[in-house]
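Worksheet for the structure shown next.
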Amino acid sequence: MRPLTEDETKAVFEKLANYIGKNLVHLIDRDEDDAYCFRLHKDRVYYLPLPMLHLATSVARPNLVSLGTCFGKFSKTGKFKLGITSLDWLAKYAKYKIWIKPSGELPFLYGNHVAKAHLGRITEDTPEHQGVVVYNMADVPLGFGVTARSTIDTRKLDPTGIIVFHQADVGEFLRDEDTMF
């Protein structure tokens with residue numbers, strides 16, 4: 001487990017800024033008692049409290065499987081991909097949100113994009129190609145994605161038009177349980 005390099009940090013923060021915007025400061029600048037840090041272990045980026053990091057130094061690297069919250073992983077080409085395990089933090093600080101109707105929950109949880117027919121609410125002034133957190137109507141975070149259209153363009157769209165491109169959802173815990181960790 002090692003600290004992120006400058007390029008890795010830039011890639012992670014750019015991806016996070018797409019979803020939580022200026023609220024990224026809340027992940028980084030925390031109280032001294034509640035300090036967290038980002039660490040890389042086997043191409044995966046973890047977000048963990050400093051006391052946990054100090055305890056982990058007593059475990060050998062080959063024996064360490066996971067630590068803290070896995071925010072995502074780097075591909076072999078060096079691109080960072082956010083994982084569904086980061087949903088709790090993204091939902092807490094999300095700048096743009098979308099709520100889907102009960103009829104649209106299952107298709108989204110099976111990995112499909114969100115159509116306008118399934119749209120319940122959307123945050124005002126959401127731009128196109130912006131990261132959003134997808135909630136059900138009971139405010140339970142289901143996953144995240146990228147908007148296909150802005151809020152204004154969404155109103156003019158037909159019911160079968162795609163509103164949000166699927167990135168990750170909580171159904172991945174079941175679909176990809178063999179390869180997730």
Side-chain angles (χ1 to χ4, degrees), residues 1-100 105 108-111 123 130-136 138-146 164-181:
M1 182 153 301
R2 65 170 176 80
L4 299 173
T5 64
E6 192 171 323
D7 291 337
E8 291 167 342
T9 304
K10 183 179 177 190
V12 171
F13 287 173
E14 282 177 356
K15 186 67 82 164
L16 285 173
N18 191 29
Y19 288 92
I20 61 178
K22 293 180 181 178
N23 291 335
L24 183 61
V25 173
H26 298 298
L27 286 178
I28 303 164
D29 296 334
R30 300 175 71 102
D31 294 337
E32 188 111 357
D33 301 336
D34 191 32
Y36 277 69
C37 63
F38 286 95
R39 289 292 185 259
L40 185 78
H41 182 65
K42 297 182 181 174
D43 291 332
R44 296 194 189 312
V45 176
Y46 293 96
Y47 185 63
L48 60 147
L50 281 179
M52 188 183 292
L53 176 66
H54 297 308
L55 292 173
T57 57
S58 63
V59 178
R61 280 190 187 185
N63 297 339
L64 190 62
V65 177
S66 178
L67 188 65
T69 303
C70 180
F71 260 58
K73 65 184 226 172
F74 282 98
S75 66
K76 295 189 186 215
T77 59
K79 293 185 179 177
F80 181 71
K81 183 179 184 227
L82 275 174
I84 189 60
T85 49
S86 65
L87 181 63
D88 290 338
W89 291 100
L90 291 179
K92 187 175 181 180
Y93 297 117
K95 188 173 181 182
Y96 299 106
K97 303 174 184 179
I98 186 169
W99 289 265
I100 56 176
E105 287 179 28
F108 181 74
L109 293 177
Y110 284 134
T123 307
Q130 178 67 44
V132 292
V133 175
V134 178
Y135 292 86
N136 66 4
D139 282 335
V140 177
L142 300 175
F144 53 89
V146 176
V164 175
F165 295 120
H166 177 273
Q167 296 287 318
D169 64 79
V170 292
E172 286 182 18
F173 284 118
L174 298 175
R175 290 193 309 269
D176 300 335
E177 64 183 332
D178 295 336
T179 59
M180 188 166 281
F181 298 107

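Remember, it's a predicted structure, so these values are computed and weren't measured experimentally.
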Discussion item. For the CZ atom of F38 and the CD1 atom of I28, what is their distance to the nearest 0.5 Å?
Written reply: 6.5 Å
Practice prompt. Compute the centroid of each ring, for F80 and then for F13, and state whether the two points are separated by less than 6.0 Å.
Written response: no
Worksheet item: What pair of heavy atoms forms the shortest contact from L48 to G68, and how long is it?
Response: CB-CA, 3.9 Å
Response to the item:
Rounded to the nearest 0.5 Å, the CG atom of L50 sits from the CG atom of L55 at a distance of 11.0 Å
Worksheet entry | Pairwise side-chain contact, L27 with I20, heavy-atom cut-off 4.5 Å (strictly under) | yes
Worksheet entry | Beyond-backbone contact of P3 with L40, side-chain heavy atoms, under 4.5 angstrom | no
Item to complete: With R30 as the cation and Y36 as the aromatic partner, state whether NZ or CZ is under 6.0 Å from the six-membered ring centre and within 45° of the axis.
Response: yes
Worksheet item: If you look at every heavy atom in M1 and R61, which pair is closest and at what distance?
Response: N-NE, 3.1 Å
Practice prompt. Please confirm whether the backbone N or O of D139 pairs with a side-chain atom of N136, one donor and one acceptor, at under 3.5 Å?
Written response: yes
Item to complete: Begin from the C-alpha positions of C70 and V45 and carry the test side chain to side chain contact (heavy atoms under 4.5 Å, CB included) through to its verdict.
Response: CA-CA 6 Å; C70 180; V45 176; over 6 Å; no
Item to complete: For the pair F108 and H166, evaluate side chain to side chain contact (heavy atoms under 4.5 Å, CB included) and give the outcome as yes or no after the intermediate values.
Response: CA-CA 7 Å; F108 181 74; H166 177 273; 3.5 Å; yes
Worksheet entry | Sub-4.5 Å side-chain heavy-atom contact between V132 and T123 | no
Item to complete: Go through V146 and Q167 one step at a time and tell me if the side chain to side chain contact (heavy atoms under 4.5 Å, CB included) criterion holds.
Response: CA-CA 7 Å; V146 176; Q167 296 287 318; 3.6 Å; yes
Discussion item. Does atom NZ (K10) have a neighbourhood of more than 12 heavy atoms from anything else shown, all under 6.0 Å?
Written reply: no
Discussion item. For residues 13-29, which residue pairs pass the side-chain hydrogen bond (donor to acceptor under 3.5 Å, both in side chains) check, not counting sequence neighbours?
Written reply: none
Item to complete: For residues L67 and H41, determine if any side-chain heavy atom of one lies less than 4.5 Å from a side-chain heavy atom of the other.
Response: no
Worksheet item: Below 4.5 Å, heavy atoms only, C-beta onward: do L82 and L90 meet side chain to side chain?
Response: yes
Discussion item. For the NZ atom of K92 and the OG atom of S86, what is their distance to the nearest 0.5 Å?
Written reply: 14.0 Å
Worksheet, complete the sentence: Heavy atoms of V133 and A94 approach each other most closely as CG2-CB, 3.5 Å
Fill in: E8-T5 side chain donor-acceptor pair, cut-off 3.5 Å
yes
Worksheet item: Which atom names give the shortest non-hydrogen contact between G21 and K95, and what distance separates them?
Response: CA-CD, 4.4 Å
Practice prompt. Quick one: pull up CD1 in I84 and CG in L142 and give me the separation to the nearest 0.5 Å.
Written response: 9.0 Å
Practice prompt. Check whether any side-chain heavy atom of V134 lies under 4.5 Å from a side-chain heavy atom of P141, and answer yes or no.
Written response: no
Worksheet item: Can you check whether T69's main-chain N or O pairs, donor with acceptor, with T85's side chain at less than 3.5 Å?
Response: no
Item to complete: State, with a plain yes or no, whether a side-chain heavy atom of L109 is found less than 4.5 Å away from one of V170.
Response: yes
Worksheet item: Does some side-chain heavy atom of F71 sit less than 4.5 Å from a side-chain heavy atom of V12?
Response: no
Practice prompt. Could you tell me which non-hydrogen atom of L87 sits nearest to which non-hydrogen atom of G143, and how far apart they are?
Written response: CD1-O, 3.7 Å
